[in-house]
Peer 1: 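Structure below; questions to follow.
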Protein chains: 2
Amino acid sequence: MKRVSIKDVAREAGVSTATVSYVLNRHPGESISAETTQRVLEAAARLNYVPNLNARSLSSRHTNLIGVLIPQTEPGKAFVFSNPFYGELLSAIEYTARENGYHLLLSGTREDQNYASIAQNRGVDGIVIVGTYPGENLDALRTIGVPVVLVDSYVTDSAFHTIGIRDREGARMATQYLIEKGHRDIAFVSGSIRENGVNSKRYQGYCEAMQAAGLPVRQDALYLGTVSHEFGQQAADMYVQRGAKQTAAFVTADILAMGFAKGLMERGVSIPKDISIVGFDDVYLAQMCYPSLTTVHQDIAQKGKLAVQCILDALENPNAGRMEHILPLTLTERDSVEERSAGEC
Amino acid sequence: MKRVSIKDVAREAGVSTATVSYVLNRHPGESISAETTQRVLEAAARLNYVPNLNARSLSSRHTNLIGVLIPQTEPGKAFVFSNPFYGELLSAIEYTARENGYHLLLSGTREDQNYASIAQNRGVDGIVIVGTYPGENLDALRTIGVPVVLVDSYVTDSAFHTIGIRDREGARMATQYLIEKGHRDIAFVSGSIRENGVNSKRYQGYCEAMQAAGLPVRQDALYLGTVSHEFGQQAADMYVQRGAKQTAAFVTADILAMGFAKGLMERGVSIPKDISIVGFDDVYLAQMCYPSLTTVHQDIAQKGKLAVQCILDALENPNAGRMEHILPLTLTERDSVEERSAGEC
DNA sequence: CGCCTTTACTTAACCGTTTCAGTGGTTTTA
DNA sequence: TAAAACCACTGAAACGGTTAAGTAAAGGCG
């Protein structure tokens, strides 16, 4: 199974490999006669020639490859499990990349891992990293020489481009919405709050909204664990066992909200009658579950698209400075929230 | 931002590049003194040397790259949207691949696309293709010279390895289960049935079970569309508009079942009280939704793992023949099915 | 001691491309 | 009509590695 190389084409067409290369890449400022072009093209077609992109990258110094790193919380546990958000994002990234002639090198990340290795090993042209925390070791990335875009990260480093949302404001909006609907005692259900992580921002937003309305942030209204469906159910457990009386909950991820809702419903708590829920992300599932989820909507597809676009822009114009995109957030009303008249509580 | 190459290391250590290469790759039968080894290793560490895998593949003729092709039903619509099954599978593939030192080259596929191109371009060592139909043009893959494994495909071609399940039997099992629960009038909700496609097998299984029980397969009990949450809801629409009286439904994909269930519940049909539902795949979501889904369970993680393993085996032993793995199917009982006493209907 | 191994390297070819720097031949310009 | 410019190519180096073959020195053996 001998691969046919440019040499074979050159021989077949009776020209040099350089000529074949020029013909195939339509080099600007190079002139190849129509006749030769024709001959080369025919030879290539006849031999079924496909250029070897690896070899090409070796000399051209770029690979048309984008590295994508997605968090894989637990080693055995795959990333899409923990949050479908990643799957949707990945899809958008893949689509945009391919549209622009790039392929994706996919890797799950664990915290102990050297973020830079894939990039260096394979010589990717750019890297998209999803959800890192400040404090993780990103030093190797800083000097790697290819554009790096951080999606949903509060790492601030002039070496990295960022795509994000205003998590704090989104959370405030969600909480405020519940308050406007007449709720006073509002639970906060979330993955663990790490400093400068996404969840800590959302917690801030929650607190701000509560305080602005003159409502207390009670410790026992906080349900903190991991961003997973399981923990959502555990939180529901805690809710009923404590005999908690929050009439609403702001949950910082849809997947978590789904688990929470399910756990509650199974224990006889009705949604939204007994408790209203607002999620975050507007994952595709949010409209699929029952009851469908009122949630803070972000354009996940756009996020993925921008991430790739950002790499592309940086590649095109290496001297342009750091780029920062903030996507708008809106509140999508569905069926998991109910108005509560003042007297009811 | 000059990359440090093996030459730099060689210079730094005062040896030839060959020596560096030998040291780094612990070549069997080659002897390098402990002292030199030490010197090279130190030089490499000092310079922060990372081998360029692309260059390596050029001479070593393998890339440690596995190409993964996942169907992307509609161009704009990302693959995980259409079915979370793919996301879970992909995760498992990624995990197993990386465990074995392989990276993943990910690509969505559309029908019009040349399956072989990525493989040829990038020189991947193996290809995993998910969900192709017989009749699609796979010729280019046959002569590509790297192992190809088809996941969930009824293409029979000695050139390809396969990983699959007994779709027909799974469907029979599900339908039989509903029959045993006392249901006589059972709907079949599915994506479109293409010859020799997965859904056609599941349809066969459904028919077999019905016939074995002496029950008719009624045309108006068939709800055929696409494998998507939307169509599930549409099917629910049809169900209530027709005033259908099926007391149970076998739905050929969990995602579809979720849409169906949701559509029904929103129209006041209760599950499982009014209608029982059995899904297929046991996607992670099946246990997350409410009510949780009774479904035909397959080990998706295992499927992904086997796909990679299959490539690895074929690479190790190129002369071994075609491999075929069939994974077992079981029925997972949850909350979407209810027994129906004979008189009730 | 001379010959054969073994050890510990080095040399150089090669993998498949790209691309810079020619090279003849023809055409244009001064 | 000689010099300059242009055209249509070719040669060869370079990209960063691997590896077969070669070599010089040391060690073993009769």
Side-chain angles (χ1 to χ4, degrees), chain A residues 1-41 43-44 47-65 119-125 145, chain B residues 1-41 43-44 47-65 119-125 145:
Chain A
M1 188 61 56
K2 179 83 181 60
R3 263 197 80 114
V4 3
S5 81
I6 201 171
K7 280 182 200 156
D8 303 313
V9 178
R11 195 181 320 113
E12 176 85 6
V15 296
S16 71
T17 63
T19 304
V20 176
S21 178
Y22 285 135
V23 168
L24 262 29
N25 303 327
R26 300 238 134 280
H27 222 72
E30 273 299 328
S31 46
I32 306 288
S33 72
E35 193 218 349
T36 304
T37 300
Q38 174 78 355
R39 206 143 38 90
V40 168
L41 257 22
L47 297 181
N48 223 317
Y49 169 70
V50 184
N52 178 330
L53 297 190
N54 286 329
R56 175 176 296 173
S57 3
L58 196 54
S59 54
S60 71
R61 333 275 296 166
H62 64 261
T63 53
N64 273 51
L65 231 38
Q120 299 197 112
N121 288 325
R122 298 283 180 192
V124 299
D125 292 342
Chain B
M1 188 59 55
K2 178 84 178 60
R3 263 197 78 113
V4 2
S5 80
I6 200 172
K7 281 182 199 152
D8 303 314
V9 178
R11 195 181 318 112
E12 176 86 6
V15 296
S16 71
T17 65
T19 303
V20 176
S21 179
Y22 285 134
V23 168
L24 262 28
N25 302 326
R26 301 238 134 277
H27 222 74
E30 274 299 329
S31 45
I32 307 287
S33 72
E35 192 218 348
T36 304
T37 300
Q38 174 78 355
R39 206 144 36 90
V40 168
L41 257 23
L47 297 181
N48 223 318
Y49 170 70
V50 184
N52 178 329
L53 297 191
N54 286 329
R56 176 176 295 173
S57 10
L58 198 52
S59 51
S60 70
R61 332 278 293 168
H62 64 261
T63 53
N64 273 49
L65 230 38
Q120 300 197 111
N121 288 324
R122 299 281 181 193
V124 299
D125 292 342

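Proteins come first, then strands; the chains are lettered A, B, ... in the order of their sequence lines, and each starts at number 1. These figures come from a predicted structure and were not determined experimentally. In what follows, every heavy atom counts, from backbone to side chain, and hydrogens, waters and symmetry copies are set aside.
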Peer 1: Choose from D:dG16, C:dT18, D:dT19 the nucleotide whose nearest atom is closest to any side-chain atom of B:Ser21.
Peer 2: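 In terms of side-chain proximity for B:Ser21, the closest of D:dG16, C:dT18, D:dT19 is D:dT19.
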
Peer 1: Taking CG from A:Leu24 and P from C:dT17, how many angstroms apart are they, rounded to a whole number?
Peer 2: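 Spelled out: CG on A:Leu24 to P on C:dT17 is 9 Å.
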
Peer 1: Looking at the side chain of B:Leu58, which of C:dG16, C:dA12, D:dC9 is the nearest nucleotide?
Peer 2: C:dG16

Peer 1: Could you please name the option among C:dC9, C:dT7, D:dG17 that lies closest to any side-chain atom of B:Ser5?
Peer 2: D:dG17

Peer 1: Look at the side chain of A:Tyr22 against the base of D:dC7 and say whether a donor-acceptor pair falls under 3.5 Å; ignore hydrogens and angles.
Peer 2: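 Donor-acceptor pair under 3.5 Å: no.
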
Peer 1: Go nucleotide by nucleotide along DNA chain C from the 5' end; which of B:Thr19 and A:Val20 gets its closest nucleotide reached first?
Peer 2: B:Thr19

Peer 1: To the side chain of B:Ser60, which of D:dT18, D:dC15, D:dA8 is closest?
Peer 2: D:dT18

Peer 1: Where the side chain of A:Thr17 is concerned, which of C:dT18, D:dG17, C:dC9 is the nearest nucleotide?
Peer 2: C:dT18

Peer 1: When you measure from the side chain of B:Ala18, which nucleotide among C:dT17, D:dG16, C:dT10 comes out closest?
Peer 2: C:dT10

Peer 1: So does A:Ser16 reach the base of D:dT10 with its side chain, donor to acceptor, closer than 3.5 Å?
Peer 2: no

Peer 1: What is the distance from CZ of B:Arg39 to P of C:dA8, rounded to the nearest Å?
Peer 2: 13 Å

Peer 1: Identify the two heavy atoms, one from B:Leu47 and one from B:Val4, that lie closest to each other, and give their separation to 0.1 Å.
Peer 2: O-CG1, 3.5 Å

Peer 1: Under a plain distance cut-off of 3.5 Å, with no hydrogens placed, do B:Ser16 and B:Thr19 share a side-chain donor-acceptor pair?
Peer 2: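 Note: B:Thr19 and B:Ser16 side chains meet the donor-acceptor criterion.
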
Peer 1: Quickly, which of B:Ile32, B:Thr36, B:Val23 forms a side chain to side chain contact (heavy atoms under 4.5 Å, CB included) with B:Val15? Name it, please.
Peer 2: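 Among the candidates, only B:Thr36 passes.
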
